[in-house]
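Written out below as structure tokens is the structure these notes cover.
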Amino acid sequence: MKKSIAIVTGGSQGIGRATAIRLAKDFSGLMLVARDKEGLTKTAEAVTAAGAKAEILNLDLKDREAPGKIVEKTLEVFGQIDAVVNIAGAVPQINLLEMTDDQWDDGAELKLHGARRLTIKAWDALKATKGSVIFTSGNSALDPKPGFAAVATINAAVVALAKAFAEQGIIDGVQVNSVLPGPVMSSRRVGFLEHWSKLNNITAEQAASKFLEESHISRYGQPEEIAELMAFLVSPAAKWMTGTAVRMDGGEVKGI
């Protein structure tokens with residue numbers, strides 16, 4: 001196996017965990033980062049079982065010192081960085097008219113600024129390996145709704161940020177893309193549906209069906225499906241693909 005090292009944030013659950021396990025097939029070492037230490041440990045065990053070395057860092061990317069610690073530890077343990085996969089990020093799904101400044105700032109600090117700081121800190125190492133970066137946005141960036149205003153706004157900013165990094169990457173030899181998942185059935189989605197069911201006085205199962213019907217899609221996506229896309233984007237097969245926002249949402253967003 002070629003020696004290659006990836007940093008995966010948000011690696012304790014959902015798309016982050018699935019991506020880490022999938023990348024274990026192609027990468028020799030992964031640095032897994034998240035706030036949930038127990039979840040990280042489970043992911044690391046799965047990564048090891050899949051054949052790659054796993055290290056964990058229980059850090060919050062809202063901490064401005066965290067990105068530097070992540071890059072420093074990754075270089076100390078593995079000696080190089082070939083990919084940074086920015087997945088961490090949870091933004092409150094609250095109506096536009098009801099969100100507080102703190103709620104807006106909290107979402108942006110993790111998903112937008114945490115990813116930005118980590119990518120900047122890792123940039124020199126990525127230049128050295130001609131590596132790759134993925135930013136995780138969401139299809140709400142293309143279809144904002146009142147109840148998803150913060151999610152949509154921050155996701156759109158993530159896409160713009162990725163494109164700006166991609167322009168710099170053309171100069172420096174670093175590939176940068178963004179991924180826009182649609183409704184994926186993860187623990188976060190389960191929590192959202194439970195909250196939505198209480199607001200609408202229906203069961204969680206009814207909420208799941210109602211959301212599918214209103215989204216005009218046949219089913220929810222699975223974290224493993226997004227993980228396959230992530231793996232492709234950091235593979236040699238996608239090396240000429242940069243500055244692109246790739247949507248994978250079962251056809252939920254109907255725009256061209």
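This chain uses plain numbering: 1 for the first residue, then up along the sequence.
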For [Y], does its backbone N or O pair with a side-chain atom of [X] as donor and acceptor, under 3.5 Å?
{"X": "Gln175", "Y": "Ala238", "value": "yes"}
{"X": "Glu228", "Y": "Glu225", "value": "no"}
{"X": "Arg35", "Y": "Gly10", "value": "no"}
{"X": "Ser215", "Y": "Glu252", "value": "no"}
{"X": "Asp82", "Y": "Ile5", "value": "yes"}
{"X": "Asp63", "Y": "Glu65", "value": "yes"}
{"X": "Ser140", "Y": "Asp143", "value": "no"}
{"X": "Tyr220", "Y": "Ala208", "value": "yes"}
{"X": "Asn58", "Y": "Ala34", "value": "yes"}
{"X": "Asp106", "Y": "Asp102", "value": "no"}

message = Determine whether Val8 and Val33 satisfy the following criterion, side chain to side chain contact (heavy atoms under 4.5 Å, CB included), listing intermediate values before the conclusion.
response = CA-CA 6 Å; Val8 179; Val33 183; over 6 Å; no

message = Going by salt bridge (charged side-chain N to carboxylate O under 4.0 Å, His left out), name the pairs with one or both residues in residues 40-59, residues two or more places apart or in two chains.
response = Glu38-Lys42

Distance-minimising heavy-atom pair for [X] and [Y]:
{"X": "Gly251", "Y": "Lys254", "value": "O-NZ, 2.7 Å"}
{"X": "Ser137", "Y": "Val158", "value": "CB-CG1, 4.0 Å"}
{"X": "Leu212", "Y": "Ser218", "value": "CD1-O, 4.2 Å"}
{"X": "Val176", "Y": "Ala162", "value": "CG1-O, 3.5 Å"}
{"X": "Ile81", "Y": "Ala122", "value": "CD1-CB, 4.3 Å"}
{"X": "Gly182", "Y": "Asn139", "value": "CA-ND2, 3.5 Å"}

query = If you count the non-hydrogen atoms of other residues, nucleotides and ligands that lie under 6.0 Å from NZ in Lys37, is the total more than 12?
reply = no

ask   = Considering residues, nucleotides and ligands other than Glu213, do more than 12 of their heavy atoms fall under 6.0 Å from its CD?
value = no

task = Evaluate the criterion salt bridge (Lys or Arg N to Asp or Glu O under 4.0 Å) for residue pair Arg22 and Glu224; output intermediate values, then yes/no.
result = CA-CA 8 Å; Arg22 172 60 184 84; Glu224 293 76 13; over 6 Å; no

Please tell me whether [X] and [Y] are part of a single hydrophobic cluster in this structure, the criterion being side-chain heavy atoms less than 4.5 Å apart.
{"X": "Met248", "Y": "Leu23", "result": "yes"}
{"X": "Val174", "Y": "Ile120", "result": "yes"}
{"X": "Leu30", "Y": "Leu229", "result": "yes"}
{"X": "Phe78", "Y": "Leu57", "result": "yes"}
{"X": "Ile226", "Y": "Leu142", "result": "no"}

message = For Lys111, run the side-chain hydrogen bond (donor to acceptor under 3.5 Å, both in side chains) check against Thr136, Asn155, Asn86 and tell me which one passes.
response = Asn155

ask   = How far apart are the C-alpha atoms of Leu180 and Val246, what are their side-chain angles, what is the distance that settles it, and do they pass the side chain to side chain contact (heavy atoms under 4.5 Å, CB included) test?
value = CA-CA 6 Å; Leu180 287 68; Val246 186; over 6 Å; no

Do [X] and [Y] make a side-chain contact, defined as non-hydrogen atoms from C-beta onward lying under 4.5 Å apart?
{"X": "Ser197", "Y": "Ile202", "result": "yes"}
{"X": "Ser235", "Y": "Asp26", "result": "no"}
{"X": "Arg219", "Y": "Met185", "result": "no"}
{"X": "Val85", "Y": "Thr9", "result": "no"}
{"X": "Ile134", "Y": "Val84", "result": "no"}
{"X": "Val184", "Y": "Gln222", "result": "no"}
{"X": "Met230", "Y": "Val234", "result": "no"}
{"X": "Leu118", "Y": "Ile7", "result": "yes"}

Using 0.5 Å steps for rounding, measure from the [atom1] atom of [X] to the [atom2] atom of [Y].
{"X": "Thr129", "Y": "Gln80", "atom1": "OG1", "atom2": "CD", "answer": "6.5 Å"}
{"X": "Arg17", "Y": "Thr19", "atom1": "CZ", "atom2": "OG1", "answer": "12.0 Å"}
{"X": "Ile154", "Y": "Leu161", "atom1": "CD1", "atom2": "CG", "answer": "12.5 Å"}
{"X": "Leu112", "Y": "Leu61", "atom1": "CG", "atom2": "CG", "answer": "12.0 Å"}
{"X": "Asn177", "Y": "Leu233", "atom1": "CG", "atom2": "CG", "answer": "5.5 Å"}
{"X": "Asp105", "Y": "Leu110", "atom1": "CG", "atom2": "CG", "answer": "13.0 Å"}

inquiry  = One pair to check against side chain to side chain contact (heavy atoms under 4.5 Å, CB included): Val179 and Phe135. What are the steps and the verdict?
reply    = CA-CA 6 Å; Val179 170; Phe135 287 86; over 6 Å; no

ask   = Are any of the side-chain nitrogens in Lys163 or Glu167 under 4.0 Å away from the carboxylate oxygens of its partner?
value = no

task = Inspect the contact between Glu72 and Lys121 and indicate whether a charged nitrogen and a carboxylate oxygen are less than 4.0 angstrom apart.
result = no

message = Classify the ring geometry of Trp123 against Phe165: parallel below 30°, tilted from 30° to 60°, perpendicular beyond 60°.
response = tilted

task = Check step by step if side chain to side chain contact (heavy atoms under 4.5 Å, CB included) holds for Ser132 and Lys239.
result = CA-CA 8 Å; Ser132 302; Lys239 206 59 182 178; 3.3 Å; yes

task = Test Lys69 against Glu76 for salt bridge (Lys or Arg N to Asp or Glu O under 4.0 Å), laying out the working first.
result = CA-CA 10 Å; Lys69 294 176 182 177; Glu76 176 188 326; over 6 Å; no

